[in-house]
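See below for the structure under consideration.
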Amino acid sequence: MGIKTFKPITMSRRHFTVSDFSELTDRKKKPEKSLLAPYKRKGGRNNQGYTTSRFRGGGHKRRYRLIDFKRMKDNVTAEVVAIEYDPNRSCRIALIKYEDSVLSYILAPEGLKAGDKVISGEENIEPRPGNCMPLRRVPLGMQVHNIEMIPGHGGQIARSAGAAAVLTAREGDWAQITMPSGEMRRVSVQCRTTIGELGNKDHMNISL
């Protein structure tokens, strides 16, 4: 991706930058309706309707994209239909279509584009960006994202734009990963992860 700058005709425009969205397959494409859910805003209010966090509100109306963080559909090849924008997260998402015509959204790693093939499973899965497998099958030193903390609970670690953890060691039933922050963490080798670094890494350089 790149960063788009503007002619400084006002003081606020001088340092204003946005993404150029060059990695999206089609900027005018509507999201898949079957994978949308309502996104109800609470405006800082608790379950009784009282404001407990003040000054929250506004923003554009949006709908939540149902992301498949678990990737439990094993040994079924899926084709990437499109790379799309998600207003609910900093990274891009990929719409994939399985061989049995089931559609799903996944987090889009760097380099993934429309027409590519992805697959998840436990045996004989090639460690390519977008493929999902248990940590016991991932080669040491490889960058991974969307890592489970508890087997079967879905990915919870390294899910934002440009994020990637590194599998540094394995011993018995445990794998050691280096988090994007540099912290070392130990998780079960049965936990699933997705290969590659998440895209849209220039998100941190955007200035509003």
Side-chain angles (χ1 to χ4, degrees), residues 1-3 19 21-24 35 64-78 80 83-96 104-113 116-206:
M1 69 162 280
I3 294 180
S19 170
F21 301 101
S22 58
E23 67 276 19
L24 302 188
L35 298 173
Y64 185 76
R65 276 73 168 164
L66 299 171
I67 310 294
D68 181 13
F69 293 115
K70 294 188 177 183
R71 301 285 300 273
M72 299 298 286
K73 200 173 178 68
D74 287 354
N75 304 315
V76 182
T77 304
V80 178
I83 305 297
E84 298 182 13
Y85 167 77
D86 188 349
N88 304 294
R89 62 194 72 252
S90 57
C91 67
R92 306 295 182 226
I93 58 175
L95 177 65
I96 61 174
S104 181
Y105 275 129
I106 63 169
L107 303 181
E110 186 76 24
L112 195 71
K113 57 186 183 300
D116 290 350
K117 305 284 187 181
V118 295
I119 190 170
S120 60
E122 302 202 1
E123 304 293 335
N124 303 319
I125 302 298
E126 188 179 349
R128 288 190 295 124
N131 287 353
C132 178
M133 63 189 73
L135 283 168
R136 61 188 172 85
R137 292 291 179 183
V138 179
L140 293 179
M142 184 153 278
Q143 286 187 318
V144 292
H145 66 272
N146 191 39
I147 310 161
E148 291 182 329
M149 297 178 74
I150 301 172
H153 278 220
Q156 294 172 289
I157 302 173
R159 300 195 326 194
S160 61
V166 179
L167 178 63
T168 51
R170 262 194 305 263
E171 185 177 349
D173 294 334
W174 299 97
Q176 181 177 293
I177 59 173
T178 302
M179 307 277 279
S181 63
E183 175 192 350
M184 310 288 279
R185 186 179 280 262
R186 196 177 70 159
V187 295
S188 170
V189 294
Q190 303 301 329
C191 290
R192 291 198 173 202
T193 186
T194 309
I195 305 297
E197 174 188 22
L198 282 173
N200 196 26
K201 60 174 66 175
D202 278 336
H203 175 79
M204 62 180 292
N205 300 322
I206 290 174

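For the single chain, residues carry numbers from 1 onward in sequence order. Note that the structure is predicted; figures quoted are calculated from it, not measured.
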[X] versus [Y], closest heavy-atom pair with distance:
X	Y	answer
A158	P180	CB-CG, 4.3 Å
A108	L198	O-CD2, 3.7 Å
I206	S19	CD1-N, 3.7 Å
A175	L167	CB-CD1, 3.8 Å
H203	A161	CB-CB, 3.9 Å
P127	M133	CA-CE, 3.8 Å

Between [atom1] of [X] and [atom2] of [Y], what distance do you get to the nearest 0.5 Å?
X	Y	atom1	atom2	answer
I125	N75	CD1	CG	5.5 Å
M149	R185	CE	CZ	4.0 Å
D86	Y64	CG	OH	7.5 Å
L112	I93	CG	CD1	12.5 Å
Q143	T193	CD	OG1	11.0 Å

Side-chain donor/acceptor of [X] to backbone N/O of [Y], under 3.5 Å:
X	Y	result
S120	K73	yes
E110	E197	no
N200	S90	yes
N131	I119	yes
R170	V138	yes

Is the shortest heavy-atom distance from the side chain of [X] to the side chain of [Y] under 4.5 Å?
X	Y	value
R71	V118	yes
I177	I147	yes
T194	V144	no
K70	D68	yes
N205	K201	no
R65	P87	yes
E183	T178	no
I67	N88	no

* Inspect the contact between E122 and R192 and indicate whether a charged nitrogen and a carboxylate oxygen are less than 4.0 angstrom apart. => yes

* Asked: Taking I195 as the fixed residue, which of E126, H145, M142, R128 is the one that meets the side-chain contact (heavy atoms from CB on, under 4.5 Å) rule?
  ->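 Filter result, single survivor: M142.
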
* To do: Run the numbers on R137 and E123 for salt bridge (charged side-chain N to carboxylate O under 4.0 Å, His left out), then give the verdict.
  => CA-CA 8 Å; R137 292 291 179 183; E123 304 293 335; 2.6 Å; yes

* With a distance cut-off below 6.0 Å to the six-membered ring centre and an angular limit of 45° from the axis, does R92 pair with Y85 as a cation-pi contact? ->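 No, a cation-pi geometry is absent between R92 and Y85.
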
